[in-house]
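Below you'll find the structure, written out as structure tokens, and then a few comments.
No hydrogens, no waters, no symmetry mates; every other heavy atom, side chains included, goes into these values. This is a predicted model, so every value here is computed, not measured.
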Amino acid sequence: MLYLRDLWRRHRRKVLVTAGVLGSGYLLYKLYDAHKRRLIDLEWQLANERENDEFIKAQMQLHFENIQRIADTTTLPHAMPYLSCRIAEDLNLSHLMERLVKGKDQPNSLSSSEKLELWDRLKILSFTRMVVSIWAVTILSLYIRVQVNILGRHLYIDTARGLGSSYLLEEADLIDRDDQQKFLASADFLANHGLPKLISSMQTAATEVLKAKQLRDFFNTAILHETIMQILDMFLSMGSPHHWVDCLMPEDPRLYKLAKTSSDETNPPEFTKFDQLMVETREVLSSAEFSNVVELSLKAVAKALVEEKGFQSGGGNLTNGMPLARLLPRIAQICPTLVEEPSKNQFIQIIQSVPEVGLFFTLLYSNIISNHISKG
């Protein structure tokens, strides 16, 4: 016993140090093992998240392509024929052409001043109809694509909810079918309500640009393109910035409902899902990015129009040039092609082929999704 006590006394420090080392080693091993398990779990989680991200990206891309197809094959074909009819009715040039033809066949039926007045009206209205048609086909095709991308985001969220995707479930209110249909039907606002204001403003711009143009003045492709762009630029610069949005869609519901709330605080109006969709659309249309896309698209359509075969065939062609008086009947003939149904409309295809247009809607759709996720 004494021997053991003496042995313990002599080697106690070594034993304690050894035990401490072994204990620390065991503890470090346990910590390392726990850390290793956490790393394995984290790697597994990250792998699952990457796989889920890839799946979400694929679903978003598929959904985005389907949305663009809906705009091209359903919404735009519904809106364009009606708009074309309204433009033809409100800017009918046939009565002017008929009176001028009659004056030519029966020289005594019109005085010189009456002929000049008719020609001047034909000049202004021909260009007005042409630029109204250019602007309408451009802005309507872009507007509808904005609509379906915004609506598509909301419907994507609803679908994700149905599939049990948790990251998009923060949006509580679904869009009912009535609000969807009402929102898409607003594409007819231009034809139903905005066209008179558009025509009046565009005619004012055309009158100002054309006041120095005489019937005998020489026009070629470059001059016609320049004249078209001058009228469009003057129209876009008239009034307040983005004034043309009011031709395309109803007034901002926030302004109307704010005024109504202040006058009736006891019964404030409800801000509906339809109102939310319209506000989002107006914000996109009022953005600098959309204005840039509109400008590029108008230039592309105008360039394609002046190169149209209707201007280049027949007695003389626009490349070599012709007097303005001979150009006006050709403008009248070509205007309807600008607002043809989408399946036959080359100008809609030209708008869609502008690289910046495709990029804008790709970013619009992805930003809408990512902005929603970041808020969730």
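Lys123 contributes a side-chain N or O that, together with a main-chain N or O of Leu210, makes up a donor-acceptor pair within less than 3.5 Å. Here the side chain of Glu114 pairs a donor or acceptor atom with the backbone of Ser111 at under 3.5 angstrom. Of the possible donor and acceptor atoms, one in the side chain of Gln147 sits under 3.5 Å from a partner among the backbone N and O of Phe183. Listed for the Thr362 side chain is a donor-acceptor partner under 3.5 Å among the backbone atoms of Gly358. Not a single donor-acceptor pair under 3.5 Å links the side chain of Ser286 to the backbone N or O of Glu283. Using a distance-only test at 3.5 Å, with no hydrogens or angles considered, no donor-acceptor pair links the side chain of Asp233 to the main chain of Gln230. Side-chain atoms of Asn345 come within 3.5 Å of backbone N or O of Ile348 as a donor-acceptor pair.
For the atom pair Met130 CE and Ile87 CD1, the distance stands at 13.0 Å (nearest 0.5 Å). With rounding to the nearest 0.5 Å, the separation of CG in Asp120 from NZ in Lys115 is 16.0 Å. The CG atom of Leu364 sits 5.0 Å away from the CG atom of Asn149 when rounded to the nearest 0.5 Å. The distance from atom CD1 of Ile231 to atom CD1 of Ile228, rounded to the nearest 0.5 Å, is 7.5 Å. Atoms CG and CZ, from Leu338 and Arg129 in turn, are 9.5 Å apart once rounded to the nearest 0.5 Å. Note that the CG atom of Leu215 and the CG atom of Leu122 stand 8.5 Å from one another [nearest 0.5 Å].
The two residues Met238 and Ala205 have their closest heavy-atom pair at SD-CB, 4.2 Å. Ile134 and Val137 get closest at one heavy-atom pair: O-CG1, 3.3 Å. In plain terms, the two heavy atoms of Ala332 and Leu93 that are nearest each other are CB-CD1, 3.9 Å. Nearest heavy-atom pair across Pro342 and Met80 is CD-CB, 4.0 Å. Counting all heavy atoms, side chain and backbone alike, Leu142 lies closest to Ser297 at CD1-OG, 4.0 Å. Taking each heavy atom of Ser287 and His242 in turn, the nearest pair found is O-CE1, 4.2 Å.
For the pair Leu190 and Tyr82, the minimum side-chain heavy-atom distance is 4.5 Å or more. Looking at heavy atoms from C-beta onward, Leu328 lies in side-chain contact with Trp119 at the 4.5 angstrom threshold. Contact check for Phe219 versus Lys213: side-chain heavy atoms found under the 4.5 Å cut-off. In this structure the side chain of Thr272 never reaches within 4.5 angstrom of the side chain of Leu277, judged on heavy atoms. Taking the side chain as every heavy atom from C-beta outward, Met202 and Trp135 approach each other to under 4.5 Å. Side-chain contact check for Ser186 versus Met249: every heavy-atom pair is 4.5 Å or farther apart. Using a 4.5 Å heavy-atom threshold, the side chains of Val146 and Phe290 count as touching. No side-chain heavy atom of Leu324 sits less than 4.5 Å from a side-chain heavy atom of Arg216.
Of the N and O atoms on the side chains of Glu340 and Gln346, not one donor lies less than 3.5 Å from an acceptor on the other residue. Neither side chain, Thr138 nor Tyr143, offers a donor N or O lying under 3.5 Å from an acceptor on the other. Residues Ser141 and Gln352 bring no donor and acceptor atom of their side chains to less than 3.5 Å of each other.
In this structure, His193 and Phe189 have tilted ring planes: the angle between them lies in the 30° to 60° band.
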- Assess whether salt bridge (charged side-chain N to carboxylate O under 4.0 Å, His left out) is satisfied between Asp246 and Arg282, documenting all intermediate values. CA-CA 9 Å; Asp246 293 330; Arg282 180 174 282 271; 3.4 Å; yes
- Task: Go through the steps for Lys182 and Asp178 under the test side-chain contact (heavy atoms from CB on, under 4.5 Å), then give the verdict.
- Result: CA-CA 6 Å; Lys182 186 179 178 183; Asp178 287 342; over 6 Å; no
- Item | Chi angles and distances behind the side-chain contact (heavy atoms from CB on, under 4.5 Å) call for Leu125, Gln203 | CA-CA 7 Å; Leu125 291 181; Gln203 187 171 336; 3.8 Å; yes
- Task: Take Glu98 and Lys102 through the salt bridge (charged side-chain N to carboxylate O under 4.0 Å, His left out) test and state the conclusion after the steps.
- Result: CA-CA 6 Å; Glu98 288 169 2; Lys102 183 179 179 181; over 6 Å; no
- Is there a side-chain contact (heavy atoms from CB on, under 4.5 Å) between Leu305 and His225 once you walk through the steps? CA-CA 8 Å; Leu305 178 66; His225 184 270; over 6 Å; no
- Going through the checks in order, is the side-chain contact (heavy atoms from CB on, under 4.5 Å) test met by Ile223 and Asn220? CA-CA 5 Å; Ile223 295 173; Asn220 58 19; 3.2 Å; yes
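Enclosure of atom NZ in Lys197 by more than 12 non-hydrogen atoms of other residues, nucleotides or ligands within 6.0 angstrom is indicated.
A centroid separation of less than 6.0 Å is found between the aromatic rings of Phe235 and His243.
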